[in-house]
Structure formats: C-alpha cells, structure tokens
Amino acid sequence: MQVPRTVSQILLLCLLHVVPIHAQQEGYNLGSGFKLSEYVTVGGYFSLEYANGENDEFLALDDLAVLTYGELSPRFSYLMELESTDFYKTDFKTDTTTTDTAFAIERLYVDYKFSDYLSLRVGKQITPIGYWNLQPINVLRETTSNPLYSNRMFPKFLSGVDVYGFTPFDESLSYHIYLQGTEDLDDTDTNIAVDSHFGVSLEKKLNSTFNIGGSIGHYENSDSGSETSYFQINAKMETEKFSLFTESVLNYDKSSMDGNRTSKAIYVQSEYRLRAQHSVIARAEYFEDYLPNTRERIGIIGYSYRPVFPVSFKIEYQWHDDSRDNRLLSSFSVLF
C-alpha cells in the first residue's frame, strides 16, 4: 500500500510553516535541529553524491529529508521523517536530468517506555536488525555505499510493533520482538514490499570492546508471494582508534513460481581513525543467490573526513567481479 503523496506533502508544508515562526524561540544547533519547544524539535539531512565508472557517471542529491521528534513526557516520545530519495540527478552518460520533489513517509512512530526492561514502539520504523540497518542516514555512516547485505536480504523498514529493552536477568543483553501484520504504511522507498513480517533480535555486550548479536525472522513478499525465513548474526569490536564489525545472513525462500532456494550475504568492515576527524575504511562483501545462481564479490577502500560530526565528506573506490562495475563514489552529507 502506498500512502497518497498528498499526506506527506501536507505534513511537510506544516513543518515548513512552523519552523520560521518558532526557529528563534529555542535556538538551533547543527546536527540537533531547531528546538521549537520542549516537545518539538525539527531538523533534517541531505546527501550530495557523485559516481564515476564505466557503466555510470552521475551527480545526485540523493537524500533530502525533514525530521521532527520530541518527548511529550518522560515516557512518551515520537519521530517523523519525510524523505525524497531521488530529489535531483544528472546522468552524464545519457546527458539527462531527472527530479522527484515528492516526499515519502520514511519513518513515523511513537515510543512508550514502561521501564529499562520494556518499551513499545508503534508505527513505521527501522527493522531492528544488526548494525548497518540501524543507521539509515548517510552522514552517520563511514561509507557512501551500502553493502548488498542491507538491501537484498530483509525488509529495511517495519510498519508495526516493536517491543524492546534490556533483559532483567542480564542488563548487558538487549532484545527486540517485532511484528508487522499489514502492508507497509508507505512503500515508496522500501527495498522489499511485505504484508507480514515478524522476528526476534538479541544483542549482547561482552565488555567495553566486543558486542555480538543475531536475529531470526520471517516475512512474506507482497509482490512475488514468496515467503522467506532469515537467520542473521553480527559482531563488533571497537576501540578508540580502530573498529571492526561484520554481519551475515542466510535466507530460505519458498516460492510457488521459483520453488525453494537459499541465499546468503556477508560483509566485514574495518575503520582506522587517523585522527579525530580522519578515517580510513575498508570493506569486503559477498552475496550469493542459488537461483538464479548469482554471485557477487565487492571490495571497497575509502576515506572519511568530518570537520564536525554532523558534516561528512567521503570518498571510496569499489572493485567488483565484473570490472565494468568498478567505480569511484563520493558524497557530501550534512545532518542539520
């Protein structure tokens, strides 16, 4: 189900009308937005990207979003995110320019915290799996590109309910129990359209350096009618200068048209912080789908510069099995 664009347009116009009136009321901080009152903060982000390779060369304002969030009480909070993912693009290979100024509802949910052990989130939200999926904003990540793992293996968003918190018997162990029983609130920019999705995620903090976790879930693809069960694991090591994390997932698909098949994906990414503002990043990833027998291997090396945390300059080079897909990718992104 796609929410009529007029809904997101009305919400966006309301935000743009309110911000100039109240922007001076509480002040502005880069990365934190305009605090209009103790209950409402409005901000946003954008990402300008440039790619150059044999198969593509383009300049794009790929992500342009408006966020509003706040706490209505110590227990009750909310967030709304409206985003245009193809706002502007110039394709130098075809000498064409395209624009899409319509905004979609990326996230729209409310949170209620009963205790540290139990919270409830209702609405369209990020599926609580692993590490990468929990950072959908370009400026918060160290590479411009996303691993195939994050785009092909499970739905990035969930329109439903998430029950989460820390376990009372071990406060270093956190959990998520999530459920979707309807179509997506707005499937404009979803990677996999679903009308049913449920699962459980766990994350264990071993010490100040190491974390491990995993997820088990099941979803039904509303476009193909197939059903998929996934089994995912993740691990992370992080020190002051160095971080290393990995995620992998194994999928079992059942389809009346294609029969049964399995697919798997894994990536490993490392980051070395030369200084507080400069980092070197490397990533290796692998994706395999037994039907139609697709295998992809990608290597990436990149550099990230943050003059301040909400502003990021990134550049990377990608190596693919098919050398025609090799390319240089860079971005300038700001959280405001």
Side-chain angles (χ1 to χ4, degrees), residues 1 81 83 85 104-107 109 121-137 140-141 143 145-164 174-203 211-236 245-255 258 260-269 283 285-292 294-296 298:
M1 178 185 69
E81 176 183 355
E83 181 182 22
T85 56
I105 299 175
E106 187 86 347
R107 289 182 283 175
Y109 63 77
R121 177 171 294 177
V122 180
K124 184 175 181 182
Q125 56 196 277
I126 298 169
T127 304
I129 295 178
Y131 309 122
W132 196 277
N133 202 51
L134 298 179
Q135 294 185 335
I137 302 175
L140 300 179
R141 304 190 302 259
T143 62
S145 64
N146 299 310
L148 297 178
Y149 157 94
S150 67
N151 289 322
R152 299 192 188 182
M153 305 302 288
F154 52 82
K156 296 190 295 183
F157 295 99
L158 173 81
S159 292
V161 176
D162 178 25
V163 179
Y164 65 97
S174 60
Y175 70 91
H176 290 268
I177 303 172
Y178 47 94
L179 171 66
Q180 174 176 337
T182 63
E183 295 179 337
D184 289 303
L185 176 63
D186 186 347
D187 60 6
T188 304
D189 298 318
T190 56
N191 62 323
I192 300 173
V194 300
D195 49 25
S196 176
H197 183 197
F198 59 87
V200 176
S201 293
L202 297 174
E203 178 78 10
N211 285 37
I212 60 171
S215 305
I216 299 175
H218 181 89
Y219 64 86
E220 297 180 11
N221 190 313
S222 56
D223 289 335
S224 66
S226 63
E227 297 185 20
T228 300
S229 298
Y230 57 83
F231 303 88
Q232 180 268 347
I233 57 174
N234 49 267
K236 178 170 65 174
F245 60 97
T246 181
E247 301 184 66
S248 62
V249 62
L250 177 64
N251 282 10
Y252 293 94
D253 303 309
K254 294 181 180 180
S255 171
D258 299 328
N260 298 336
R261 67 180 188 184
T262 60
S263 56
K264 57 186 176 183
I266 184 172
Y267 77 89
V268 180
Q269 180 166 310
R283 185 171 74 231
E285 54 180 293
Y286 177 79
F287 172 83
E288 182 173 325
D289 190 341
Y290 290 102
L291 187 69
T294 299
R295 295 183 182 181
E296 297 184 57
I298 303 172

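As the structure is a prediction and not an experimental result, all values here were calculated from the model. Counting begins at 1 with the first residue of the sequence.
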Can you name the closest pair of heavy atoms from [X] and [Y] and give their distance?
X: Ser145; Y: Trp132; value: O-CZ2, 3.4 Å
X: Thr127; Y: Leu134; value: O-CD2, 4.0 Å
X: Asn133; Y: Ile126; value: O-CG2, 3.0 Å
X: Asn221; Y: Asp223; value: OD1-N, 2.8 Å
X: Met153; Y: Ile192; value: C-CD1, 4.3 Å
X: Gly130; Y: Asn234; value: CA-OD1, 3.6 Å

Min side-chain heavy-atom separation [X]-[Y] under 4.5 Å:
X: Glu106; Y: Ile137; result: no
X: Tyr267; Y: Ser150; result: no
X: Tyr164; Y: Pro128; result: no

Distance check, rounded to the nearest 0.5 Å: [X] atom [atom1] versus [Y] atom [atom2]?
X: Asn251; Y: Ser229; atom1: CG; atom2: OG; answer: 8.5 Å
X: Arg107; Y: Arg121; atom1: CZ; atom2: CZ; answer: 8.0 Å
X: Glu247; Y: Gln232; atom1: CD; atom2: CD; answer: 5.5 Å
X: Thr190; Y: Asp184; atom1: OG1; atom2: CG; answer: 5.0 Å

*Using distance alone, with no hydrogens and no angle criterion, decide if Glu203 and Tyr131 have a side-chain donor and acceptor under 3.5 Å apart.*
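Result is yes, a qualifying pair exists.
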_Going by side-chain hydrogen bond (donor to acceptor under 3.5 Å, both in side chains), name the residues that satisfy it together with Arg152, two or more places apart in sequence or in a different chain._
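Arg152 satisfies side-chain hydrogen bond (donor to acceptor under 3.5 Å, both in side chains) with Glu296 only.
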*Mind checking side-chain hydrogen bond (donor to acceptor under 3.5 Å, both in side chains) for Thr228 and listing every partner two or more places apart, or none if nothing turns up?*
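Per chain and number, Thr228 pairs via side-chain hydrogen bond (donor to acceptor under 3.5 Å, both in side chains) with Asp253.
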Using the test side-chain contact (heavy atoms from CB on, under 4.5 Å), find all partners of [X] that sit at least two apart in sequence or belong to another chain.
X: Asp195; value: Glu183, Glu220, Ser222
X: Asn191; value: Lys156
X: Ile212; value: Lys204, Leu206, Ala235

*Report the residue from Phe154, Tyr286, Phe245 that forms a ring-ring contact (aromatic ring centres under 6.0 Å, His included) with Tyr149.*
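The passing option is Phe154.
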*Could you pull out all residues at least two apart from Tyr230 that satisfy ring pair (Phe, Tyr, Trp, His ring centres under 6.0 Å)?*
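Result, ring pair (Phe, Tyr, Trp, His ring centres under 6.0 Å) vs Tyr230: His197.
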_Would Tyr109 and Gln125 count as a side-chain hydrogen bond (donor to acceptor under 3.5 Å, both in side chains) here? Give the steps._
CA-CA 6 Å; Tyr109 63 77; Gln125 56 196 277; over 6 Å; no
_With a 6.0 Å cut-off (strictly less than), is the heavy-atom count around OH of Tyr252, excluding the residue itself, greater than 12?_
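Atom OH in Tyr252 is not crowded, with 12 or fewer foreign heavy atoms closer than 6.0 Å.
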*CA sep, side-chain torsions, deciding dist, call: Tyr219, Gln180, side-chain hydrogen bond (donor to acceptor under 3.5 Å, both in side chains)*: CA-CA 9 Å; Tyr219 64 86; Gln180 174 176 337; over 6 Å; no
